[in-house]
Every structure is written in C-alpha cells, then in structure tokens.
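Working notes for the structure below.
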Amino acid sequence: MIVLKSARELEIMKEAGRISAGALMEVGKYVRPGVSTLELDEICYDYIKSQGAEPNFLHLYDFPNTACISVNDEIIHGIPSKNRILKEGDIVSVDTGAKIDGYNGDNAYTFYVGEVSPEVQRLCETTREALLIGIQQAVPGNRVGDIGAAIQEYCESRGYGVVREYEGHGIGTKLHEEPGVPNFGRPHKGVRLLPGMTIAIEPMINMGTAKIKQLPGDEWTVFTADGKPSAHYEHSIAITEDGPVILTPRPTLD
C-alpha cells in the first residue's frame, strides 16, 4: 500500500532526512587511507544518536550495523569491519539513515579515498548525475518507469551496467515501503506518481557487467560479478505539486 504524506508528516521526514544526510557529511570528514570501515560506522552511529534520532539500519532484518559500507566491487550491503582498512584509490559507498518521531530518512554516497583513477571518477560522476536525472522525473503524473528509464538510458549510453536485482523504494514510517523504484524501465509504465508520495531513488551502477554475485558465508554483501567497481548514490525525496523536494540535502557533498 502506498501512503501519501501530509504536510505535517513531510516536515518530520525533512528532519529525519536532515539527520541522515548529516551523518553522511560527518562520515565524509574521516574517509581517508588507513581508516577502517568499522570506524566510519561508529562515527555514523554517534552522529545520529547526537541528533536525538535512532539509526534505522541497525538490526533491521538482523543487519548488525548502523551503515552499509561497501568498498570498490561491493555494490551494497557491505558489513563494517575493523579489518577492512581503506587504502589510496578505493571508493567507498556509505548507505545509512535515521528515524525520528516515527519517520525515516535514507541516503547513500560514494566517497573517494584519496586520489582515484579517472575511470573510477567518471563512474562515480555518472552515477551521481544519474541520481539527479532520476529525481527530475519524480513529478506528479509521471510514473515509476520514467525514473528508471531516465537512469538506465543515461548510464547504459555511457557503457555502464545497471543493477537489476536491487532498487529504490517508498519510505515513511517504514524504511522500505511501496512502491519499488527500479533503476531501469520503460517510460510511462508502472505506478503513477502523486503529490505526497515519498520515495528513495538510488542508482547502483557498475563499471562493467550489470550482473551480481554473493560469496558463500556472506548473506549480506553484494559484489559485481566481474570484480569491477560499483558506485551508489541515494536521496530520499518528496513528490509535490511544485516538483521533487530532496529530503536529504547534502550541501558539503553534492
């Protein structure tokens, strides 16, 4: 069931989004070679708690941490570890959110660890731009397929693989609500977008094949099938009569 949010609910979601975005901006200050992904997770946890909110990823579906932190060929759902040490040239996707007064925020950003190669930088810039292109399609009267088709066309025309198995989603009192928001699709198809809908758009784009894999014994982390890097960016947004409103603005990152 799709739940349309009232003006009061949207104000609460803006606060949840502010805290979620703030957590990423805080984490970004500490992304550098020699830092572990667990250290970044702890920074994220401390920031969210300092804002009077709760980390909404923690223990959701039994996930053990505050943030999904995925490095290089890890697409999503990387589990933070004290043994996973960032090194020069890595990219690291941090996906996290906060819950306050019963409502959720959710966002993700892929950080550079020091200097990265031009090829990796191009992948990340394309994925970040694809997120904004998808957001532009989130207007009343359009459909979910318009978002996915715009993201797909932009990324595939540049030679990248668009992950099919995972997608964006509605968001509100639950972190994951209807509708699903794929990063591929056909224009004018799927659920119609209405004012009051709140969704998370999150392109997951691979440098090579769109195919994915998981390793035995790891029920969470999703990898690219060919071992090439993947980038991931996400915003929570509200669909309004005046156009899309980003609920997770990140002025120091975007």
Side-chain angles (χ1 to χ4, degrees), residues 1-7 9-10 13-14 16-18 20-21 24 75-76 93 95 97 103-110 122-172 174-207 210 230-251 253-254:
M1 180 177 69
I2 296 172
V3 180
L4 302 182
K5 309 319 188 281
S6 67
E9 290 174 305
L10 289 178
M13 291 194 68
K14 287 179 181 179
R18 180 193 69 79
S20 300
L24 284 188
I75 302 170
I76 51 172
S93 164
D95 186 358
Y103 289 84
N104 289 279
D106 186 10
N107 64 164
Y109 193 90
T110 299
R122 180 172 177 266
L123 167 69
C124 292
E125 289 176 349
T126 297
T127 308
R128 183 164 57 181
E129 184 65 24
L131 170 59
L132 299 179
I133 287 170
I135 290 172
Q136 290 170 4
Q137 294 296 318
V139 296
N142 270 4
R143 294 180 180 270
V144 165
D146 293 301
I147 297 172
I151 291 171
Q152 179 184 8
E153 192 281 330
Y154 186 78
C155 294
E156 289 185 345
S157 70
R158 286 156 176 77
Y160 298 117
V162 178
V163 172
R164 301 298 202 270
E165 290 85 354
Y166 296 89
E167 62 185 13
H169 51 89
I171 185 169
K174 295 180 180 178
L175 182 60
H176 298 125
E177 297 183 350
E178 294 295 328
V181 186
N183 296 304
F184 65 97
R186 296 172 59 192
H188 318 307
K189 299 294 183 180
V191 172
R192 185 179 296 277
L193 304 176
L194 300 172
M197 290 175 66
T198 46
I199 59 176
I201 301 174
E202 50 178 321
M204 293 155 264
I205 308 301
N206 300 344
M207 184 176 285
S230 182
H232 178 207
Y233 293 84
E234 176 185 22
H235 272 306
S236 296
I237 70 162
I239 296 162
T240 78
E241 294 284 7
D242 298 321
V245 173
I246 295 175
L247 301 173
T248 48
R250 303 179 294 242
L253 297 178
D254 291 322

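Each residue takes its place number in the sequence, starting with 1.
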Side chain proximity check, Tyr166 to Ile76, heavy atoms < 4.5 angstrom: yes
All side chain to side chain donor-acceptor pair (under 3.5 Å) counterparts of Asp106, not counting sequence neighbours: His169
Which residues satisfy the side chain to side chain donor-acceptor pair (under 3.5 Å) test with Asn183, sequence neighbours excluded? none
Would you check if the side chain of [X] reaches a backbone N or O of [Y] as a donor-acceptor pair within less than 3.5 Å?
X	Y	result
Asp146	Pro187	no
Thr126	Cys155	no
Ser230	Ile205	yes
Arg143	Gly190	yes

Minimum heavy-atom separation for [X] to [Y], with atom names?
X	Y	answer
Pro179	Val191	CB-CG2, 4.0 Å
Arg250	Ala21	CG-CB, 3.6 Å
Glu167	Pro182	OE1-CG, 3.2 Å
Ala231	Thr127	CB-OG1, 3.5 Å
Val181	Val144	CA-CG1, 4.0 Å
Ile171	Thr198	O-OG1, 2.5 Å

Roughly how far apart are [X] [atom1] and [Y] [atom2], rounded to 0.5 Å?
X	Y	atom1	atom2	result
Arg18	Met13	CZ	CE	14.5 Å
Asp95	Ile75	CG	CD1	13.0 Å
Ile2	Arg192	CD1	CZ	12.0 Å
Gln152	Ile147	CD	CD1	13.5 Å
Ile201	Glu234	CD1	CD	9.5 Å

Working for side-chain contact (heavy atoms from CB on, under 4.5 Å), residues Val3 and Lys174: CA-CA 10 Å; Val3 180; Lys174 295 180 180 178; over 6 Å; no
Run the side-chain contact (heavy atoms from CB on, under 4.5 Å) test against Ala16 and tell me which residues pass, sequence neighbours left out. Ile100
For Ser20, what residues pass the side-chain contact (heavy atoms from CB on, under 4.5 Å) criterion, not counting sequence neighbours? Ala98, Asn107, Thr248
Contacts under 3.5 angstrom, residues 129-142 side chains, donor-acceptor by atom type, not counting sequence neighbours:
| unit_1 | atom_1 | unit_2 | atom_2 | d |
| --- | --- | --- | --- | --- |
| Gln137 | OE1 | Asn142 | ND2 | 3.2 |
| Asn142 | ND2 | Gln137 | O | 2.9 |

Over 12 non-hydrogen atoms of neighbours within 6.0 angstrom of CZ in Arg164: yes
If we check side chain to side chain donor-acceptor pair (under 3.5 Å) with Tyr109, which of these qualifies: His232, Arg128, His235? Arg128
Once salt bridge (Lys or Arg N to Asp or Glu O under 4.0 Å) is applied, do any residues pair with Glu177, and if so which ones, sequence neighbours excluded? Lys5
Let's go through Tyr233 and Thr110 carefully: what are the C-alpha distance in whole Å and the side-chain angles of both, what is the deciding distance for side-chain contact (heavy atoms from CB on, under 4.5 Å) to 0.1 Å, and is it a yes or a no? CA-CA 6 Å; Tyr233 293 84; Thr110 299; 3.7 Å; yes
